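Letters A, B, ... are given to chains in the order of the sequence lines, protein chains preceding strands, and every chain is numbered from 1. Computed from a predicted structure; not experimentally measured.
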Amino acid sequence: MNFIEELKWRGLLQDVTPGAEEQLNKEMTLGYVGFDPTAESLHIGNLVPVMLLKHFQACGHRPVALVGGATGMVGDPSGKSAERNLLDEPTLRRNQAGVERQLRKFLDFSPEAPNAAVLVNNYDWMRQFSFLEFLRDYGKAITVSYMMTKDSVQNRLDTGISFTEFSYQLIQGYDFLHLYRSLDCRLQMGGSDQWGNITTGTEMVRRIDGGQVHACTAPLLTKPDGRKFGKSEGGNVWLSAEMTTPYKFYQFWLNVSDEEAERHIRIFTMLDRPTIEALVAEHRADPQARLLQRRLAEEVTVLVHSRQEYETAVEASAVLFGKGTAEGLRRLDEATLLAVCEGIPRHEAQGLAEGANVVDFLVEVGAFASKGELRRLIANGGLYLNQEPVQEAARALAGSELLHGKYLLGRKGKKNYFLISIS
RNA sequence: GGGGAGAUACCAAAGUGGCCAACUGGGGCAGACUGUAAAUCUGCUGACGUAAGUCUUCGUAGGUUCGAAUCCUGCUCUCCCCA
């Protein structure tokens with residue numbers, strides 16, 4: 001399988017250096033992607049470069065996942081409109097461990113495979129560098145005017161950029177040189193926002209060692225309206241089950257628009273071309289069945305979580321979004337109810353005073369942050385309890401409304417559920 | 001080193017003594033329509049309060065004033081020009 005061709009039809013290729021394809025066709029090649037540990041978990045935006053590595057391996061090449069323990073200490077200016085605060089050391093190390101653990105899951109590291117994946121951390125080779133040594137041996141190879149031409153720097157010239165973030169590309173560039181020297185790694189991949197940083201690397205390898213290395217990038221995903229990809233109601237969609245429950249994760253994919261679904265199924269699944277084309281055709285014939293969304297959600301949830309967690313998410317979705325009438329909900333036995341609600345936010349209450357006011361109660365247990373907000377929501381008709389709309393804010397709650405005498409299933413808008421359990 | 005400009009709510013950006021909890025746009029949330037879609041339309045978007053209203057907010061610390069986001073001073077940060 002030709003890697004570059006594969007990326008092309010999947011819509012995963014934005015830029016590629018001339019000669020990259022020849023190199024890949026010539027021999028098994030090492031290629032790397034860097035992940036800076038800016039959070040304890042990767043999010044679905046990072047899934048794009050992860051897929052690059054997966055396809056790279058599937059095409060017979062050897063993927064290197066680089067965790068940016070060192071680069072993460074400095075801060076990448078790419079795509080940032082302002083200087084960020086540096087993460088402290090303990091946070092960074094915790095994040096690093098989390099990211100490493102996740103990366104291991106996506107690639108084949110089994111030692112018997114000739115193209116087994118490799119995991120490295122640039123902190124390992126950057127930490128022993130002295131500042132002077134780095135300046136003398138590597139900083140000399142790159143001119144300031146070259147560094148200034150990068151978009152990531154240009155965009156910050158008016159609003160300000162520290163020397164620290166300005167230097168980021170040198171550190172990342174050195175990574176490439178290091179991997180080239182130590183592993184004969186010849187390709188760096190990433191999102192298109194990384195193009196500037198990556199080419200600084202290829203340039204350093206060329207000027208310092210006279211080596212020829214290559215780069216390719218994937219387009220930055222945006223929603224059809226141009227907004228950033230990867231956020232859903234209330235924030236990022238994380239790969240960690242603790243930070244984004246598998247249910248929410250599944251729901252995110254199930255909710256993508258038709259347009260996005262057609263693009264995403266090529267990007268985020270390993271399904272082959274005929275399979276995908278058939279699915280797309282079938283979906284277009286009967287869009288309301290949302291076949292594409294279902295399949296996409298299945299593939300990605302199974303990849304990131306597991307088959308079992310996927311199945312739980314499907315069951316929960318069926319109950320919450322099916323013909324979920326109030327009576328249907330009451331008929332569920334307690335175990336099923338709890339299983340269904342596993343992935344949704346949960347709040348504990350110390351007991352329910354008979355006749356307690358809805359607004360006061362929900363804010364008290366922490367389901368909502370502000371009474372004003374909740375009142376507005378109710379006035380708009382957006383609050384449901386046990387699948388029935390709440391008409392007025394002053395309504396009182398009765399103990400008889402509780403499911404199994406201790407649960408209250410709330411819903412904000414069409415799809416945001418929460419469960420309150422009362423002891 | 002010298003001179004100039006600036007810091008406003010999630011972001012962008014008005015406001016230059018009371019009419020400002022702060023125009024507007026984006027984002028976000030909700031409603032209608034639908035397919036848990038897109039597009040469109042509508043409402044909301046500091047906290048508390050049914051409301052009248054009260055409280056906290058315009059980089060930061062003080063000051064002037066009956067009254068400040070708006071005026072003055074110190075501090076922090078940013079940008080531009082000259083050297």
Going by distance alone, is a donor N or O of one side chain under 3.5 Å from an acceptor N or O of the other, for Ser257(A) and Glu260(A)? yes
In dot-bracket form, 5' to 3', how is RNA chain B paired? Count Watson-Crick and G-U wobble pairs only if both distances fall under 3.5 Å, and write | where the partner sits on another strand. ((((((((.[[[..)..(.....]]]((((((.......))))))(((....)))...[[[[[..)....]]]]]))))))).
Output yes when Asp137(A) and Lys140(A) qualify as a salt bridge under the 4.0 Å nitrogen-oxygen rule, no when they do not. no
Nearest-angstrom distance from the residue atom CG of Leu292(A) to C1' of rU36(B): 16 Å
How far, in whole Å, is rU70(B) from rU57(B) if one measures between their C1' atoms? 15 Å
Check this for me, if you would: do Arg294(A) and Glu298(A) make a salt bridge, where the nitrogen-to-carboxylate-oxygen distance has to be below 4.0 angstrom? no
Does the separation of the ring centres of His305(A) and Phe249(A) fall below 6.0 angstrom? yes
If each of Lys414(A) and Gly381(A) is mapped to the nucleotide of RNA chain B with the nearest heavy atom, which maps nearer the 5' terminus, i.e. the 5' end? Gly381(A)
Nearest-angstrom distance from the residue atom CG of Leu377(A) to C1' of rA30(B): 6 Å
Taking CD from Gln288(A) and P from rU36(B), how many angstroms apart are they, rounded to a whole number? 10 Å
Going by atom types alone, do Thr199(A) and Lys150(A) pair a side-chain donor with an acceptor below 3.5 Å? yes
Looking only at side-chain atoms of Ser257(A), point me to the closest of rG35(B), rC29(B), rA37(B). rA37(B)
Any side-chain donor-acceptor pair under 3.5 Å between Thr200(A) and Gln169(A)? yes
Strictly below 4.0 Å, N to O, side chains only: are Glu203(A) and Arg206(A) in salt-bridge contact? yes
Verify, without hydrogens or angle tests, whether Gln102(A) (side chain) and Leu42(A) (backbone) share a donor-acceptor contact under 3.5 angstrom. yes
Distances under 3.5 Å between protein N/O atoms and the N/O atoms of nucleotides 20-25 of chain B, please, pair by pair.
none

With no hydrogens and no angle check, do the side chains of Asp76(A) and Gln194(A) hold a donor and an acceptor under 3.5 Å apart? yes
Ring centre gap for Phe368(A) and Phe418(A) strictly below 6.0 Å: yes
Taking only the C1' atom of each, what is the distance from rC72(B) to rG17(B) in whole angstrom? 13 Å
Whole angstroms only, please: what is the CD1-P distance between Ile161(A) and rC77(B)? 18 Å
Atom-pair distance (CG on Leu254(A); C1' on rA37(B)), nearest Å: 10 Å
Asn380(A) CG to rG28(B) P, in whole Å, measures 17 Å
Respond yes when some side-chain nitrogen or oxygen of Asn416(A) is under 4.0 Å from OP1 or OP2 of rU36(B), and no when none is. no
Report the distance from atom NZ of Lys415(A) to atom P of rU36(B), rounded to the nearest whole Å. 9 Å
Under a 4.0 Å N-O cut-off, is there an ion pair linking Arg273(A) with Glu6(A)? no
Between rA52(B) and rC44(B), how far is it from one P atom to the other, in whole Å? 15 Å
What distance, rounded to whole Å, do you find between the two C1' atoms, one in rC20(B) and one in rG28(B)? 23 Å
Considering only NZ, NE, NH1 and NH2 on the basic side and carboxylate oxygens on the acidic side, decide whether Arg395(A) and Glu401(A) come within less than 4.0 Å. yes
Euclidean distance for P, rG15(B) against rU64(B) (whole angstrom): 29 Å
Considering only side-chain heavy atoms of Tyr384(A), which listed nucleotide, rA30(B), rG35(B), rG31(B), is closest? rG31(B)
Might you list the N or O atoms of the protein lying below 3.5 Å from N or O atoms in nucleotides 47-50 of chain B, with each pair's distance?
unit_1	atom_1	unit_2	atom_2	d
rA47(B)	OP1	Ser370(A)	OG	3.2
rC48(B)	OP1	Lys371(A)	N	2.9
rC48(B)	OP2	Ser370(A)	OG	3.0
rC48(B)	OP2	Gly372(A)	N	3.1
rG49(B)	OP1	Lys371(A)	NZ	2.9
rG49(B)	OP2	Arg375(A)	NH2	3.2
rU50(B)	OP2	Arg375(A)	NH2	2.6

Atom CZ of Arg156(A) to atom C1' of rC79(B): distance rounded to whole Å? 13 Å
Separation between the C1' atoms of rA7(B) and rA12(B), rounded to whole Å: 14 Å
